[in-house]
Amino acid sequence: MSNVYDTLVEREIIAQCTNEEKVREILENENVSFYIGFDPTADSLHIGHFVQIMVMVHMQRAGHRPIALVGGGTGKIGDPSGKTDMRKMLTDEELAHNVESIKSQLSRFLDFGEGKAIMVNNADWLLKLNYVEFLRDIGVHFSVNRMLAAECFKQRLEKGLNFIEFNYMLMQSYDFLKLYQDYECRFEFGGDDQWSNIIGGVELIRRVEGAEAFGVTFKLLTNSEGVKMGKTVKGAVWLDKEKTPPYELYQYLRNVDDADVIKCLKMLTFVPLEEIREMEKLEGSEINQAKVRLAYEVTKMVHGEEEAEKAKSAAESLFGGSKDSDSIPSTEIDESFLTDGSLPILDALLESGLIPSKAEGRRLIKQGGVYVNDEKVPNFDYAIPTEQLEGDGVLIRKGKKTYHRVYVN
RNA sequence: GGGAGAGUACCCAAGUGGCCAAAGGGGGCAGACUGUAAAUCUGUUGCUAGAUAGCUUCGGUGGUUCAAAUCCGCCCUCUCCCA
């Protein structure tokens, strides 16, 4: 039971593996290095990356050494795997910024102490490659025929794929070879969409070094309908506090579908499997208990216990009845919005970011979806008296579960 | 390089001179029902505006016209066929 591989299997994280028995055996008996790559497409990781992070932590706890690779080099190319469109090109500045942000995020989850884990940036070796040499040394080992048959290009072969993206696989494969050579890294892990790329590296190592390397992929965090999780109207659910406040992260997880709670608990938390199995028995509204646990555990890991507690109590007070929490999202309104001693409701909504435009606000109010301190806003002309805005301000609710506190100072 | 097509709102996709802020679907948002779930049903979905008004939108740009997403020129991007 102490074998990490078994743990990952039991938690239903593993999707594919190049050689199950062997990987299991090696992880059981040796302490190895393994790598997972992160592309710097944004300046923060999101909840989808959290599975990868969890795996690294599981592995590190089991005595293995994670190599977190940030794709400063591959980021200049853009991974076409499973995508329908070409990714937009990032400037060097954006890339550099993103690489740094991701690095610092990763270091919050892993122990990068002496020999415990390593962080590398593939820009360090990819950018200085010589084209002709690369083609001769690495390119020879790739069969275009086989690449074209690869699953990851399938969608793109219909819509169009250009040469730069076609090369992505070679870059990533080369990363693996390089890490094998420099760090004796024989394992590459990644999301299941990385399978083709990982296989590329495994084969490259075999061809160049005559050595056996291994690849393992994890199930992507998808909901019961197979749609990638972690997307909201506002975009991804980020691990960065500034981009997705702890309360929102908490609420996102608190609201996952019934059908997805158990899976998320297994994949995204360290809650012991026995406990999860107990929660699996919950039915009907009891399932909410499991959701609370999920939301709390993940928020705690991402933002710390204090933030998790705050998010939890905020949610409980908002949905429980007593609206007294101070950790719900809030906005200070500039006095210039006050007219005739009160704040027009549309301005309040707009300023707090609850609506993107006043037209949207009118629609909402017309449909009876806006409340101020639990009183339904009757019409667009409604204005909040300044007295109410002082101190803690008022609580605006949009729809059933979006709360926002607005105050003036 | 030659030839044939295509670029419409968040996405897919109709529309080929005025009735088009632009059908339909998806998604989103809100309402009902619920368990802060799912499914279902209803409404809504460019912006501004205290009514039937104005403004910006159909790859870009410049024209034709009383009037263009729709016609013409040039440009950009993409797909397909040929080289």
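So you know, we letter chains A, B, ... as the sequences are listed, proteins then strands, and number each from 1.
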Most 5' of L350(A) and E283(A) on RNA chain B, judged by nearest nucleotide: E283(A)
Students often get this wrong, so: under 4.0 angstrom with heavy atoms, is G284(A) touching a base, only sugar-phosphate, or nothing? base
Counting side-chain heavy atoms from CB outward, which of rU36(B), rU48(B), rG31(B) is closest to Y371(A)? rG31(B)
If we call it a pair only when both distances are under 3.5 Å in a Watson-Crick or G-U wobble match, what pairs with rU57(B)? none
Specify the separation, in whole Å, of atom CD1 of I345(A) and atom P of rG50(B). 16 Å
Lys NZ or Arg CZ of R24(A) over Y5(A) ring: under 6.0 Å, within 45°: no
Of all the choices, rA30(B), rG31(B), rU36(B), which nucleotide is nearest to the side chain of A315(A) once you look at every atom? rU36(B)
For rG50(B), does the base pair up with any side-chain atom of N379(A) as donor and acceptor (N or O, under 3.5 Å, distance only)? no
Please give the nucleotide sitting opposite rC80(B) as a Watson-Crick or G-U wobble pair, both distances under 3.5 Å, or none. rG3(B)
Given RNA chain B, 5'-ward residue of the pair G368(A) and K312(A), judged by closest heavy atom: G368(A)
If I take atom OH in residue Y247(A) and atom P in nucleotide rU36(B), what distance separates them, rounded to the nearest angstrom? 13 Å
With no angle test and no hydrogens, is the base of rG31(B) tied to the side chain of Q367(A) by a donor-acceptor pair under 3.5 Å? no
rG18(B) and rU65(B): how far apart are their C1' atoms, nearest whole angstrom? 11 Å
Answer yes or no: does a side-chain N or O of K401(A) lie under 4.0 Å from OP1 or OP2 of rA37(B)? yes
Within the structure shown, what part of the strands sits under 4.0 Å from R363(A) by heavy-atom distance: base, sugar-phosphate, or nothing? sugar-phosphate
When the P atoms of rG54(B) and rG5(B) are compared, how many Å lie between them, rounded to an integer? 39 Å
Taking atom C1' in both rC76(B) and rG60(B), compute the distance separating them and give it to the nearest angstrom. 7 Å
Which whole number of Å gives the distance between the P atom of rA30(B) and that of rA37(B)? 11 Å
In sequence, state the C-alpha distance, the side-chain angles, and the governing distance for H58(A) and F270(A), and then conclude on ring pair (Phe, Tyr, Trp, His ring centres under 6.0 Å). CA-CA 9 Å; H58(A) 274 294; F270(A) 286 108; 4.7 Å; yes
Closest to the K291(A) side chain: rA30(B), rC33(B), rG35(B)? rG35(B)
Integer angstrom distance from the C1' of rA69(B) to that of rU61(B): 16 Å
Watson-Crick or G-U counterpart of rU44(B), or none if no pair lies under 3.5 Å: rG28(B)
No-hydrogen, no-angle side-chain donor-acceptor test under 3.5 Å, D175(A) and W125(A): yes
Paired to rU34(B) by Watson-Crick or G-U wobble criteria (both distances under 3.5 Å) is none
Rounded to the nearest angstrom, tell me the gap between atom CZ in F380(A) and atom C1' in rU44(B). 13 Å
What's the shortest heavy-atom distance between S33(A) and F187(A), and which atoms? O-CD1, 3.7 Å
Separation of I365(A) atom CD1 from rA49(B) atom P, in whole Å? 12 Å
What's the CD-P distance between E360(A) and rA49(B), to the nearest Å? 14 Å
D381(A), nearest nucleotide to its side chain (from rU48(B), rG50(B), rA37(B)): rG50(B)
For D374(A) and rU36(B), what is the distance between atoms CG and P respectively, to the nearest whole Å? 14 Å
To the nearest Å, give me how far apart OH (Y252(A)) and C1' (rU36(B)) are. 15 Å
Taking atom P in both rG43(B) and rA23(B), what distance in whole Å separates the two? 16 Å
Among rC29(B), rU36(B), rG35(B), the one nearest any side-chain atom of K398(A) is rC29(B)
The side chain of Q251(A) is closest to which nucleotide in this list: rG31(B), rG50(B), rU36(B)? rU36(B)
Would you indicate, yes or no, if rU48(B) has its OP1 or OP2 atom less than 4.0 angstrom from a side-chain nitrogen or oxygen of S357(A)? yes
For a quick test of reading the model: is some side-chain N or O of R362(A) closer than 4.0 Å to OP1 or OP2 of rA51(B)? no
Side chain to side chain contact (heavy atoms under 4.5 Å, CB included), that's the test. Do V120(A) and V70(A) meet it? Break it down for me. CA-CA 6 Å; V120(A) 295; V70(A) 183; over 6 Å; no
As a quick check of understanding, evaluate side chain to side chain contact (heavy atoms under 4.5 Å, CB included) for R363(A) and I355(A), giving each step before the final call. CA-CA 10 Å; R363(A) 240 172 261 135; I355(A) 53 167; over 6 Å; no
Taking only the C1' atom of each, what is the distance from rG3(B) to rA9(B) in whole angstrom? 33 Å
Integer angstrom distance from the P of rC75(B) to that of rC10(B): 29 Å
If I take atom CD1 in residue I355(A) and atom P in nucleotide rU44(B), what distance separates them, rounded to the nearest angstrom? 19 Å
Are the side chain of S342(A) and the backbone of L338(A) linked by a donor-acceptor contact shorter than 3.5 Å? no
Apply the test side chain to side chain contact (heavy atoms under 4.5 Å, CB included) to residues L69(A) and N121(A): give CA-CA distance (whole Å), side-chain angles for both, the deciding distance (0.1 Å), then the verdict. CA-CA 6 Å; L69(A) 180 148; N121(A) 181 347; over 6 Å; no
Where the side chain of D257(A) is defined as all heavy atoms beyond and including C-beta, which of rA30(B), rA38(B), rG35(B) is the nearest nucleotide? rA38(B)
Could you check which of rG31(B), rU44(B), rA49(B) has an atom nearest any side-chain atom of K400(A)? rG31(B)
